Amino acid sequence: MIVNYSILLFMIVSYIRGKEQTAGNDLSRSLSMDEAYLIMYNRNSSENITLFGNKVVCENCNLGKMSMVAPNKNRTIIINTQYAYDLEIRSSESNESILCQFKPYKFHEHGTYVLHLMYNTPLETKCSIEQIGKLSAYAIPAILGVLFVILYTAVVQFWQYIDYRRIWNYFRSTGTQAQILVEDTAQGSLNTNQSAASNTKSRATKRLRSLDTFRGFSLMVMIFVNYGGGGYWFFDHSTWNGLTLADLVFPWFTWMMGVSIVLSQRSLRSKNVRKRSMLVKICRRTLILILLGMSEQPHLMKFKDLRFCGVLQRLATCYFFTAILVLCLDKDYKLNSQDEHQEPSFRMELNRAVFQYWLQWLLVTLVVIIWVLVTFLLQVPGCPTGYIGPGGKHDHGKYSNCTGGVAGYIDRVVLGNSHLYDEPTCKEIYSTKLPYDPEGLLGNLTGILLCYLGVQAGHVFVHSNRVNRICSQWLIWGIICGCFGLGLSFGGHSDSWIPINKNLWSLTFVFTLASLAFVILSVLYVLVDVRQWFTGAPFLWLGMNSIAIYMCHGLFGVSVPVQFDVSDTHAAQLAMHLYGAFFWSLVAGLMYYKKVFIAI
């Protein structure tokens, strides 16, 4: 303790003297989000020392110069705290002699850190980094935000429970069959009839309010992260490989769209709608999605800057090809009288849900094979075959113009640089120069696979009569997809056969997200549709008008009364971005109770 206090006293005295000795210190500027002070002391050294560093999220990158300190001087720099660093102290800028290193070291927001060169001899050099002062409560706003969402959901559930109990008591007092009226009013969200509840435990109802709940939850998360996610890195998209919360929701929309394709086309076929009419509807919906996606862009009237790819355009492409596949190759299946009164065997259900669609699976497998062959065998000028990295500083800058590998090359050749997304998530960390579109052309192939895995979930649902069999098959599919995703990526490692990568929509990314979707829908199906312990609100409201709310939050949700200017802190930013998601959930709730449902 005596040594620590003496070091601290020396730091304070040195800092006071160093303000006069060294120009360029950053202590005069207050800290913003994700920043900390790093005070460097060069004592007992006869030459300059240079700090080199690299954020660990920048994989296989060379360390860059961060600051230099003259002998017997100090320097204060402001350092970003989002990611950990690999740090090295070298004897001079040009000398590769490493005095000491820290691999990795994580700085924390609003902290003050002292990097002290303890002593320098021909035989040994010792360095230390000490944290002094008080850190910010970095994680507290995020935890409170999660608790707010849970509390908001609980309040909505309690309000609906009180509302339904009031309706129940009113109609029971008038001698009306309350249960029927409650079911009609709430659309089956709270079934208090015990006999009906016992029936749903065994025989599945052919409705999926849980799917709308899942969709609404994904949309709420998407709105939150689009507004900024409180400025937290883990609420933003991953830099290149890996997964964050923001990476989950768009692929889930694609998967859920596959489930909806099956349910929608089954409903139309039950009404004897002709395939030609269904084809027209598919084409119309695809065109509307593309036009809506294009309308989101600020450069809509400038063709040279128009971005052809985007979220809704990717959804439209995957929807079109998957819906056509289901339309042409799905069989008209109806329960016969024997199936209605006798439970079919598991083998029969498996044949109906999987094996009878072998031709669909064959075509989807061919699509996947094309993606694999193009990604890993097509030669890109100036890049190694099979390269799927971010370019820039990656791999020590050897492939700086290879951002995205084949996927980026195809987009640049076919669409042109001016029509691609110019701010990819890898740009800041890897210092890339080329544009790269995460919703580019090649990713549509794996997007079709993801959408068709949703179709498989729909096939399981329509061909199974028992709740336990539906859930067990969904969970089995989740395990299978998870094994493929984690197996091919070596458990999520970047140095693997196929890393989990949202920017590329890699094969492992698709399998991993499909695995999570199968499991989540299984849980929600039991809670919302079977047991009815959860009504789905407020997520259900958003899921019933997902396209309308998504468009409105992008076009009209960036100013008052949805968003306001607040201070540059995680707490203030998180509160404002949560308020934005809360605002649109209330709008969706109003539309839901006014029975305003906008479909395309």
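Owing to the predicted nature of the structure, the values given are computational and were not obtained by experimental measurement. Values below: every heavy atom of this structure, side chains too, minus hydrogens, waters and symmetry copies.
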Exercise. Do T81 and H110 touch side chain to side chain, with heavy atoms closer than 4.5 Å?
Worked result: no
For this session: Report yes if some heavy atom in the side chain of F518 is under 4.5 Å from a heavy atom in the side chain of C481; otherwise report no.
Result: yes
Exercise. How about E109 and S136: does a side-chain donor come under 3.5 Å of a side-chain acceptor?
Worked result: yes
For this session: Look at atom CD of E428 and say whether more than 12 heavy atoms of other residues, nucleotides or ligands are closer to it than 6.0 Å.
Result: no
Exercise. Can the ring centres of F582 and Y152 be said to be less than 6.0 Å apart?
Worked result: yes
Exercise. Counting heavy atoms not belonging to F321, are there more than 12 under 6.0 Å from its CZ?
Worked result: no
For this session: Identify, with sequence neighbours excluded, every residue that meets salt bridge (Lys or Arg N to Asp or Glu O under 4.0 Å) alongside D212.
Result: R215
For this session: Looking only at non-hydrogen atoms, find the nearest pair between D437 and H419 and report the distance.
Result: OD2-O, 4.4 Å
For this session: With ring pair (Phe, Tyr, Trp, His ring centres under 6.0 Å) as the test, would you mind laying out the steps for Y37 and Y113 before giving the verdict?
Result: CA-CA 6 Å; Y37 291 124; Y113 293 84; over 10 Å; no
For this session: Check the pair L449 / L507 against side chain to side chain contact (heavy atoms under 4.5 Å, CB included), numbers first and verdict last.
Result: CA-CA 9 Å; L449 169 64; L507 196 59; 3.5 Å; yes
Problem set entry | Shortest non-hydrogen contact between R209 and T535, atoms and distance | NH2-O, 3.6 Å
Exercise. Y579 vs F583 aromatic rings, parallel, tilted or perpendicular, using cut-offs 30° and 60°?
Worked result: tilted
Exercise. Have Y430 and T403 got a donor and an acceptor in their side chains that come within less than 3.5 Å?
Worked result: no
Problem set entry | Side chains of N501 and N241, donor plus acceptor under 3.5 Å | yes
Problem set entry | No-hydrogen, no-angle side-chain donor-acceptor test under 3.5 Å, H570 and D34 | yes
Exercise. How far apart are the closest heavy atoms of L574 and P141, and which atoms are they?
Worked result: CD2-O, 2.7 Å
Problem set entry | Pairwise side-chain contact, C552 with W584, heavy-atom cut-off 4.5 Å (strictly under) | yes
Problem set entry | Side chain proximity check, N444 to W505, heavy atoms < 4.5 angstrom | no
Exercise. Sequence neighbours excluded, which residues qualify as side chain to side chain donor-acceptor pair (under 3.5 Å) partners of N62?
Worked result: H396
Exercise. With sequence neighbours left out, what residues match K427 under side chain to side chain donor-acceptor pair (under 3.5 Å)?
Worked result: E423
Problem set entry | Verdict with supporting geometry, Q563 and H577, side chain to side chain contact (heavy atoms under 4.5 Å, CB included) | CA-CA 8 Å; Q563 292 290 280; H577 300 155; 3.4 Å; yes
Exercise. For the rings on Y593 and W159, is their centre-to-centre separation under 6.0 Å?
Worked result: yes
Exercise. Do you know the tightest heavy-atom contact between G53 and L87?
Worked result: CA-CD2, 3.9 Å
Exercise. Ring centroid separation for F102 and Y85, is it under 6.0 angstrom?
Worked result: no
Exercise. Taking side chain as C-beta onward, heavy atoms only, is T76 less than 4.5 Å from L38?
Worked result: no
Exercise. Which atoms form the tightest heavy-atom contact between Q313 and Q297, and what is the distance?
Worked result: NE2-NE2, 4.0 Å
Exercise. Do the side chains of Y319 and R285 get nearer than 4.5 Å, heavy atoms only?
Worked result: yes
For this session: Test side chain to side chain contact (heavy atoms under 4.5 Å, CB included) on D236 and Y232 and set out the steps.
Result: CA-CA 7 Å; D236 197 2; Y232 287 99; over 6 Å; no
Exercise. Sequence neighbours excluded, which residues qualify as side chain to side chain donor-acceptor pair (under 3.5 Å) partners of Y105?
Worked result: none
Exercise. Can you pull the side chain to side chain donor-acceptor pair (under 3.5 Å) pairs that have at least one residue in residues 510-522, sequence neighbours excluded?
Worked result: none
Exercise. If you measure from the Lys or Arg side-chain nitrogens to the Asp or Glu carboxylate oxygens, is any gap between K502 and E439 under 4.0 Å?
Worked result: yes
Problem set entry | Name of the residue among N503, D247, T425 meeting side chain to side chain donor-acceptor pair (under 3.5 Å) with H237 | D247
Problem set entry | Candidate list L243, L504, T446, test side chain to side chain contact (heavy atoms under 4.5 Å, CB included), partner F509, passing option | L243
Exercise. Going through the distances and angles, do K106 and Y83 end up as a side chain to side chain contact (heavy atoms under 4.5 Å, CB included)?
Worked result: CA-CA 7 Å; K106 181 69 173 71; Y83 305 104; 5.9 Å; no
N/O donor-acceptor pairs under 3.5 Å from side chains in residues 216-225, not counting sequence neighbours:
{"unit_1": "S218", "atom_1": "OG", "unit_2": "F214", "atom_2": "O", "d": "3.0"}

Exercise. Ring centres of Y550 and H553 under 6.0 Å apart?
Worked result: yes
Problem set entry | Q160 to A537 - nearest heavy-atom pair and separation | NE2-CB, 3.6 Å
Exercise. So, F250 versus W255, ring centres under 6.0 angstrom or not?
Worked result: no
